Amino acid sequence: MQSKLLRGTFILTLGTILSKILGLIYVIPFFQIVGRQGTVLYQFSYVPYTIFISVATAGVPLAVSKFISKYNALEEYAVGRKLFKSGLMIMLITGFVAFLAMYFASPMLAEMSTQGEKANLKDVTTVMRAVSFALIVVPFMSLIRGYFQGHQSMGPSALSQVVEQIVRILFTLLGAYAVLNIFHGKMVTAVSVATFAAFIGAIGGLAVLFWYWYKRKPYLDELLEHDKGTMDISLKEIYKEIFISAFPFVLVGIANPLFQAIDQFTFTKAMADIGKSAKVAESFFSMLNFESHKIVIIPVSLATAFSLTLVPSITKAFVENDRKNMNRQLNQTFQVLLFLTLPASIGLSLLAEPIYTVFYQHDLLGAEVLRAYAPVAILFSLYSVTAAILQGINEQRFTILSLLVGLLIKLSLNIPLIKMMETKGAVLATTLGYLAAIIINIIVIKTYSRYPFRLVWRRGLLIMIFAGLMWAGTEAVYKFLSLFLSPALKGQSILLILVSAGVGAAIYFYLGLKSGLASRLFGTRLERLMTKLKLPRRRGTA
């Protein structure tokens, strides 16, 4: 049973990672097809869509998965099937209501996002309405995934995620290209096709799930024959518990889109107040909220995914009142997060110009935005992990407080800082908002778990020293290579990144290995890797 669970978790994690990688890579050809004008329209629609989809699902699929798993373990299979059928109806209703809400609210959202120019207003409304159709299907599809996961079957979810992403990306790229280059259509039509791809991708993912349902239904029906039938469960009570417990996590899940939404609704207006044209303001907005954000989120996804795997063991130690083990798990979680995110953020900031060229085009202003935005990745990661730890110690109510404080700071400071510093002002407002939320989370963790941060501060300082030495080595190599290679050319930018980042990574991990810090953080995983590579092993006193 344990090996089956681990295998299933691995398959689902692999599918999620592959899906995220595909979701990152496609932005390179997409930008080449639609340019900055297209990415502005695209981003205007996707931030509200992300918020609407989170509200529509409200954490129900994950909660249903847990309840089905629980009642299956008790051999009360009929309860799980009953919950699944009612969940499908709820997701159909909430999805359709969310679709109607976004579709009819699109003119208002478009007006809030732009400076009110009629042509632009119409285009943004059209693109928002195109993506809203996906809201009908995605919540319904998410619940079916949750049903399979509740039966410890991760393959359907993993494959449907990957198929959904592949279908969406192909439809996005081919559709946008065909509209602009074959049918010589308008940009708004191309971007509308690209956003409508979310609906087409969801249909592709749903088709995979239906195929699995057809194949697995005889087995699932057979389970009902072994149902004990001793429990009479109130669906009303279950859903009440689901919505109460899920609400904080829904908010945490949309924290980043909410911060982006504040930029979307204030950025162009603040720029207009200092005399910038709508076209210039929207270009700056695209550099920040689409182009730079897509790159910055890379280290966040990888580091957070690794750190969050430790949260269940934190929960177990907290419930069992095992302070020693809980402190050890918290130490490891924070250190792993800093060890992975800090050098990645520094590297992104240092190599911003060639990275921006490879992903999009050579643009000094865009590279400056990425350089300023990259360090915020550390805060994105810390917020996600501290919020998850609050879940682990059963104090998730404070995540609502910390997020609201962070959003209030962002909302209060965004316009004044944008007027003072333009795009960097929006980055600073995001930094201050996230910093406040993280400080509140850390205070709550320290208060309720009595966790001493001494070791994390000490190791954090060591990691900062290593990252500083890595930065010095990487910059020296980058400056030297820049004498021969130009970051304005894609091919030469790739070479600049590979060599400079390779040297930086070698310095950083050498220091981590030599000090013994890497061995302490990654334990047997690192030991096995070093044995395979026939590298000397060392345990230091870091």
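We use all heavy atoms of the structure for the numbers below, so side chains are in, but hydrogens, waters and symmetry mates are not. Computed from a prediction, not measured in an experiment: that's the story for all the values here.
Applying the side-chain contact (heavy atoms from CB on, under 4.5 Å) test to Leu407 and every residue at least two apart in sequence or in another chain returns Leu258, Phe259, Ile262, Leu403. For Pro452, the side-chain contact (heavy atoms from CB on, under 4.5 Å) test picks out Asn327, Arg454, with sequence neighbours left out. Scored by the ring pair (Phe, Tyr, Trp, His ring centres under 6.0 Å) test, Phe509 finds Phe339 as partners (sequence neighbours excluded).
The shortest non-hydrogen separation linking Val300 to Val296 is CG2-O, 3.5 Å. Shown here for Pro299 and Ala377, the closest heavy-atom pair between the two residues is CG-CB, 4.2 Å. Heavy-atom minimum distance, Ser381 versus Leu337: CB-CD1, 3.5 Å. Counting all heavy atoms, side chain and backbone alike, Val250 lies closest to Ser54 at CG1-O, 3.7 Å. Nearest heavy-atom pair, Val167 versus Gly201, reported as atom, atom and distance to 0.1 Å: CG1-CA, 3.8 Å. Listed here is the closest heavy atom pair of Tyr508 and Ala467: CE1-N, 3.8 Å.
Proximity of Val27 to Tyr360: side-chain heavy atoms (C-beta onward) are separated by under 4.5 Å at one or more points. Looking at Leu408 and Ser412, their side chains come closer than 4.5 Å, going by heavy atoms from C-beta outward. Using a 4.5 Å heavy-atom threshold, the side chains of Arg216 and Pro156 count as touching. Looking only at side-chain heavy atoms (C-beta outward), Met91 and Met141 stay at 4.5 Å or farther from each other. For the pair Tyr373 and Lys424, the minimum side-chain heavy-atom distance is 4.5 Å or more. Residues Gln43 and Glu291 fail the side-chain proximity criterion, which asks for heavy atoms closer than 4.5 Å. In this structure the side chain of Tyr356 never reaches within 4.5 angstrom of the side chain of Val369, judged on heavy atoms. Side-chain contact between Arg397 and Leu401: absent, with no pair of heavy atoms (C-beta onward) separated by less than 4.5 Å.
Looking at Tyr434 and Asn256, their side chains do bring a donor and an acceptor atom within 3.5 Å of each other. Side-chain atoms of Ser157 and Gln149 include a donor-acceptor pair closer than 3.5 Å. Side-chain contact check for Ser500 and Thr474: no donor-acceptor pair (N or O, by modelled atom type) lies under 3.5 Å.
For Tyr49 and Phe52, the gap between ring centers reaches or exceeds 6.0 Å. Aromatic rings of Trp213 and Phe84 (six-membered ring for Trp) have centroids within the 6.0 Å cut-off, being under it. Checked against a 6.0 Å centroid threshold, the rings of Phe290 and Tyr42 count as neighbours.
For the atom pair Ile389 CD1 and Gln329 CD, the distance stands at 10.5 Å (nearest 0.5 Å). A distance of 9.0 Å separates CG of Leu206 from CZ of Arg145, quoted to the nearest 0.5 Å. A distance of 6.0 Å separates CG of Leu382 from CG of Leu338, quoted to the nearest 0.5 Å.
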If you apply the rule side chain to side chain donor-acceptor pair (under 3.5 Å), what do you find for Ser286 with Thr39, and how did you get there? CA-CA 6 Å; Ser286 178; Thr39 59; 2.7 Å; yes
As a quick check of understanding, evaluate side-chain contact (heavy atoms from CB on, under 4.5 Å) for Phe359 and Phe31, giving each step before the final call. CA-CA 8 Å; Phe359 270 81; Phe31 185 86; over 6 Å; no
Going through the checks in order, is the side-chain contact (heavy atoms from CB on, under 4.5 Å) test met by Leu461 and Trp457? CA-CA 6 Å; Leu461 181 61; Trp457 298 131; over 6 Å; no
Under the criterion side-chain contact (heavy atoms from CB on, under 4.5 Å), I'd like the reasoning laid out for Phe466 against Ser515: C-alpha separation, chi angles, the key distance, then a yes or no. CA-CA 10 Å; Phe466 290 169; Ser515 65; 3.5 Å; yes
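At distances below 3.5 Å, not a single donor-acceptor pair connects side-chain atoms of Glu395 with backbone N or O atoms of Leu390. Between the side chain of Thr94 and the main chain of Ala56, a donor-acceptor pair closer than 3.5 Å is present. Side chain of Thr357 to backbone of Pro487: a donor-acceptor contact under 3.5 angstrom is found. No donor-acceptor distance shorter than 3.5 angstrom exists from the side chain of Asn414 to the backbone of Ala429, with no hydrogens or angles considered. Here the side chain of Ser349 pairs no donor or acceptor atom with the backbone of Ser345 at under 3.5 angstrom. Put simply, the side chain of Gln264 never gets that close to the backbone of Val47: no donor and acceptor are under 3.5 Å apart.
Counted within 6.0 Å of CZ on Phe480, heavy atoms from surrounding residues, nucleotides or ligands total 12 or fewer; the atom is thus considered open. Other residues, nucleotides and ligands place more than 12 heavy atoms under 6.0 Å from the CE atom of Met421.
Applying the side chain to side chain donor-acceptor pair (under 3.5 Å) rule to pairs touching residues 439-452 yields Asn331-Tyr451, Thr386-Asn441, Ser402-Asn441, sequence neighbours excluded. Note on residues 344-353: no pairs pass salt bridge (charged side-chain N to carboxylate O under 4.0 Å, His left out), not counting sequence neighbours. For residues 254-264, every residue pair satisfying the salt bridge (charged side-chain N to carboxylate O under 4.0 Å, His left out) rule, not counting sequence neighbours, is listed here: Asp263-Lys410.
No option in Thr430, Thr341, Val385 other than Thr430 meets the side-chain contact (heavy atoms from CB on, under 4.5 Å) test with Phe380.
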